[in-house]
Amino acid sequence: MSAFTIEKVKKTFSNGEIEEEILKGVNLSLKEGEITALIGPSGSGKSTILTIAAGLQRASCGEILFEGSDMTKMSQEEVRHVRATDFGFVFQSSHLVPFLTVEEQLQLMLDVAETKTSKKEQAKAIDEMLKLVEMQHRKDAYPSSLSGGERQRVAIARALIHHPKILFADEPTASLDTKRSKGVMELLRELTRTLHLTTLMVTHDEEMLSYVDRVITMRDGYIVE
Amino acid sequence: MKIAWKEMKKSKAKFLILGSIIFLVSFLTFIISGLANGLSQDNAALIKDLPDGQFYLSKDADSTYNLSKIDEEIQKQILMDNPNATAFSVQMGFVNDAEDKQHSVAFVASTESGLFENVKDGEIVLDSSLKENGIEVGDVLTNNQFSGEFIVKGFVDQQKYSHAPVAFIGMTNYQEIYRVMEMQTIFIPGEEAPTLSALDSFSNKEFLNAIPSYSAEQMSLNMIVWFLVIISGMLFAIFFYMMNVQKIGLYGILKAIGMRTISLFKMIWYQMLVITAISLALSITLSKAFSFVAPEGMPFHLTMDTVWMLSAVFMAVGFIGATISGIQVKNIEPLQAIQQGEM
Ligand SMILES: Nc1ncnc2c1ncn2[C@@H]1O[C@H](COP(=O)(O)OP(=O)(O)O)[C@@H](O)[C@H]1O
Ligand SMILES: [Mg+2]
């Protein structure tokens with residue numbers, strides 16, 4: 001059984017008079033412990049399907065099944081709750097909070113996810129997570145003093161500290177050079193396996209595909225496999 | 001609210017600017033309301049310090065106390081019916097000291113009561129501000145309309161009327177100086193003052209406002225105070241609005257990772273609260289200090305009641321301002337931020 005299923009999702013944007021169908025019926029299912037990569041030409045709708053799946057925008061029609069419930073039928077607040085507790089996000093740029101240290105970024109995520117464990121346990125979990133992404137030595141640093149690769153590793157740590165079930169990543173390596181990109185991909189693959197994550201990522205870098213379990217190609221709002 | 005505090009620490013300059021503006025505005029507000037209160041004290045302490053009650057003027061005086069003349073028969077009857085009542089008159093005038101220097105005073109004469117100084121004819125009790133002009137107990141004062149002399153019997157604190165020090169004199173002396181037999185006003189203290197068909201009656205507040213210049217003076221100063229309060233509220237709204245615009249990306253990300261909108265509001269409120277509290281504490285301290293260094297002639301009187309009241313208003317106005325600016329935060333879509341790229 002798959003952990004996350006997208007069925008017949010369509011998305012239409014209207015720019016004034018003109019209605020444009022960007023997603024024309026997308027079916028997709030993700031499996032636990034696997035990284036699924038979405039590739040395809042720019043403008044084919046990859047980011048759109050990813051953000052719809054992640055509950056950051058609504059589908060025009062179709063179903064998104066997560067743990068047996070249809071997310072398209074949930075209220076704003078219910079979707080927010082799913083995002084806070086069950087999803088993790090990594091974006092093209094790290095989007096860290098500029099005035100928080102590395103450690104505090106992760107603490108903030110735990111607070112947002114309303115993690116119930118004691119502060120001491122949380123501190124330990126943060127420590128371990130930072131060890132996993134090899135950023136422990138920079139835990140008191142602010143984002144402005146980190147390199148692009150380091151920021152992205154912190155962003156991954158933030159995306160995973162609250163033990164989400166699904167990880168969404170939109171071109172997480174786009175701002176990095178090849179060497180750092182490979183580092184990040186290795187990390188994503190390893191964490192997906194060890195933490196039993198279900199990962200959906202968008203990439204347009206062919207070189208990164210060797211790190212993923214499944215590749216899905218999109219073109220003009222369709223999946224073409 | 002660690003995140004709110006961390007942000008303030010990281011962008012000190014921004015918050016320091018907002019804090020200094022709020023400080024300056026609230027300081028100015030305190031100073032002006034201290035001045036308003038001081039002037040009102042200077043203008044009408046004589047009346048303001050009376051207990052709550054009812055003032056009566058003759059009907060033909062048309063609410064102007066110095067045109068009022070209370071019929072002696074009526075006065076006698078009222079004073080008999082109301083043992084606490086007093087009939088009194090106030091008129092501006094002058095006294096001359098031994099060196100023939102003229103001092104402007106407000107002469108007050110009253111029937112015997114516990115409400116005003118009771119002074120025998122030939123004696124005078126003065127507001128203590130006249131001490132600074134070299135007048136001492138035992139001095140002999142004169143008035144050009146008065147055949148006799150006044151011996152200074154003593155001084156009282158804070159008895160001012162129409163910005164002049166009060167001079168309490170005996171009734172007969174008063175009648176001689178102003179050539180009237182009737183008193184201007186009757187005052188009956190207490191909640192249940194009777195309605196007297198022969199006279200117009202006024203509450204303390206109404207009577208104060210009938211003092212020439214009193215209401216005009218108070219109104220213009222109070223208007224300044226409220227304008228300053230409104231300005232500070234708008235400052236909060238505008239300042240937080242501008243900061244929020246800069247932070248749309250940040251708010252979007254926080255919403256994307258699942259932060260509640262109310263938490264973002266709490267962040268804004270917390271920052272507003274901290275800034276206002278610090279600014280107010282500073283301006284309260286300084287305006288209290290100001291009351292000690294204010295020049296002697298400057299009537300400055302800032303009560304703690306006023307301070308707390310205005311502080312509460314500042315807090316409320318800051319809260320409203322910050323909340324209004326937060327409405328845009330409510331409408332931020334997480335996606336906007338993600339598409340905006342690196343902050
Ligand atoms: N909010 C929007 N309003 C209108 N058009 C949009 C919006 N978001 C995306 N699009 C359009 O949808 C198409 C697909 O975009 P996107 O999913 O970002 O493509 P990809 O990530 O594959 O490059 C593009 O043509 C883009 O212009
Ligand atoms: Mg894209």
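In what follows, every heavy atom counts, from backbone to side chain, and hydrogens, waters and symmetry copies are set aside. Just so it is clear: chains get the letters A, B, ... in the order the sequence lines come, proteins before strands, and each one is counted from 1. What you are looking at is a predicted structure, and each value in this text was computed from that prediction instead of being measured.
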So for atom [atom1], which belongs to [X], do other residues, nucleotides or ligands contribute more than 12 heavy atoms lying within a distance under 6.0 Å?
| X | atom1 | value |
| --- | --- | --- |
| R180(A) | CZ | no |
| K288(B) | NZ | yes |
| D220(A) | CG | no |
| M309(B) | CE | yes |
| H163(B) | NE2 | yes |
| M298(B) | CE | yes |
| Q76(A) | CD | no |
| F227(B) | CZ | no |

Quiz item: Atom NE2 in H95(A), atom CG in L250(B): separation rounded to 0.5 Å?
Solution: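 Result: 10.5 Å between the selected atoms.
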Quiz item: Do you know which two heavy atoms are closest between F99(A) and K6(B), and how far apart they sit?
Solution: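 Smallest interatomic distance, heavy atoms only, reads O-CE, 3.5 Å.
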Quiz item: Listed by residue number, which members of residues 107-116 of chain A have a heavy atom under 4.5 Å from any heavy atom of chain B?
Solution: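 Counting heavy atoms that sit under 4.5 Å from chain B, the residues of residues 107-116 of chain A involved are L108(A), M109(A), V112(A), E114(A).
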Quiz item: Where along residues 43-58 of chain A does a heavy atom come under 4.5 Å of chain B, listed by residue number?
Solution: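 Checking residues 43-58 of chain A against chain B gives T51(A), L56(A), Q57(A).
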Exercise. Might you work through the side-chain contact (heavy atoms from CB on, under 4.5 Å) test for V97(A) and I253(B), ending with a clear yes or no?
Key: CA-CA 8 Å; V97(A) 180; I253(B) 284 299; 5.5 Å; no
Quiz prompt | Under 3.5 Å donor-acceptor, R83(A) side chain and A256(B) backbone | solution =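 Confirmed, R83(A) side chain pairs with A256(B) backbone.
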Quiz item: Heavy-atom distance under 4.5 Å to chain B: side chain of Y142(A), backbone, both or neither?
Solution: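 It is the side chain, since no backbone atom gets that close.
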Quiz item: Are the side chains of R80(A) and K255(B) in touch, meaning some heavy atoms are under 4.5 Å apart?
Solution: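 The answer is no; the side chains never approach within 4.5 Å.
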Quiz prompt | Residues E104(A), K2(B); criterion side-chain contact (heavy atoms from CB on, under 4.5 Å); working and verdict | solution = CA-CA 9 Å; E104(A) 289 161 349; K2(B) 192 167 176 209; 3.5 Å; yes
